[in-house]
Student: 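If you scroll down you'll find the structure; I have some questions about it.
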Amino acid sequence: GENVGLHLPTLSVQEGDNSIINCAYSNSASDYFIWYKQESGKGPQFIIDIRSNMDKRQGQRVTVLLNKTVKHLSLQIAATQPGDSAVYFCAVPNNAGNMLTFGGGTRLMVKP
Amino acid sequence: DTGVSQDPRHKITKRGQNVTFRCDPISEHNRLYWYRQTLGQGPEFLTYFQNEAQLEKSRLLSDRFSAERPKGSFSTLEIQRTEQGDSAMYLCASSLARVANTGELFFGEGSRLTVL
């Protein structure tokens, strides 16, 4: 099955700085990637997605970069705010396209 | 609130007891998922329904676990003869389309199980 992993379990940034959260995947056939945010005591929440025909996609203060050559994607958060404090997961659909496999997560802590 | 709701939010039980969790998805969503999440880990897939049909089950779903979605609306997840290793957060999610089309699952806030 798909295997996704995160490079760092915890990331601490200063409020106002940019954050970069990384994710590696193993299946070169994966063509769709999703980022989720999970705040304490809540379920995961969709942030942004990207398909393999793109190498960059931007949302509101977030950007996802995809490097298919090294099977790596990253989530960049601009001007990090205290409300961004959460655990971030990357996820990929399985081969049948009917469920998501999540990575282990990176906890983002924002220092005031 | 028209999001995914789960009940109970917390359950403490003794080893060997049976527990049941309920999930009410977003009403127009025909796809429903159960995931399990332990501390410090990402959600792990358990099972998936399209309408009332259970289309996929993880190897994590031992014979002590059973899930149903009898009328294609709410779902229940029952764990029989609970073990301490079953302690986890059980997350339910729903979606309108296949995740290959849109990866946006709508998660509930979860049911936290503690087995003593």
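The shown structure was predicted, so the numbers you read here are calculated from the model rather than taken from an experiment. So you know, we letter chains A, B, ... as the sequences are listed, proteins then strands, and number each from 1.
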Student: Within 45 degrees of the axis of the six-membered ring of F74(B) and under 6.0 Å from its centre: does R22(B) put its NZ or CZ there?
Tutor: yes
Student: Which atoms of Q38(A) come close to chain B, meaning under 4.5 Å heavy atom to heavy atom: side chain ones, backbone ones, both, or neither?
Tutor: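 Side chain only.
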Student: Among A96(A), G43(A), P44(A), which has the most heavy-atom pairs under 4.5 Å with chain B?
Tutor: P44(A)
Student: Let me know if L55(B) has heavy atoms under 4.5 Å from chain A in its side chain, its backbone, both or neither.
Tutor: neither
Student: Relative to chain A, which segment of E56(B) carries a heavy atom at a distance below 4.5 Å: side chain, backbone, both, or neither?
Tutor: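 For E56(B), the side chain is the part near chain A, not the backbone.
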Student: Would you call E39(A) and K37(A) a salt bridge, using N to O less than 4.0 angstrom?
Tutor: yes
Student: Look at L105(B), N101(B), L91(B) and state which one has the largest set of heavy-atom pairs under 4.5 Å with chain A.
Tutor: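 So the answer, after comparing L105(B), N101(B), L91(B), is L105(B).
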Student: Which answer fits Q37(B), side chain, backbone, both or neither, if we ask what part of it has an atom under 4.5 Å from a heavy atom of chain A?
Tutor: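 The side chain, not the backbone.
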Student: Assess the pair F46(A) and F107(B): is the distance between their ring centroids shorter than 6.0 Å?
Tutor: no
Student: Is R9(B) close to chain A through its backbone or its side chain, or both, or neither, when contacts mean heavy atoms under 4.5 Å?
Tutor: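 The answer is the side chain of R9(B).
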Student: Hey, what's the ring geometry for F102(A) with Y35(B), parallel, tilted or perpendicular (30° and 60° as the breaks)?
Tutor: perpendicular
Student: Side chain from CB out, backbone as N, CA, C, O: work out which of these in Y36(A) comes under 4.5 Å of a heavy atom of chain B, or both, or neither.
Tutor: side chain
Student: Judged by atom type as modelled, is there a donor-acceptor pair below 3.5 Å linking the side chain of T106(A) to the main-chain atoms of Y88(A)?
Tutor: no
Student: With no hydrogens and no angle check, is any side-chain donor or acceptor of N67(A) less than 3.5 Å from a backbone partner on H72(A)?
Tutor: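 Checking the backbone N and O of H72(A) against the side chain of N67(A), no donor-acceptor pair under 3.5 Å is found.
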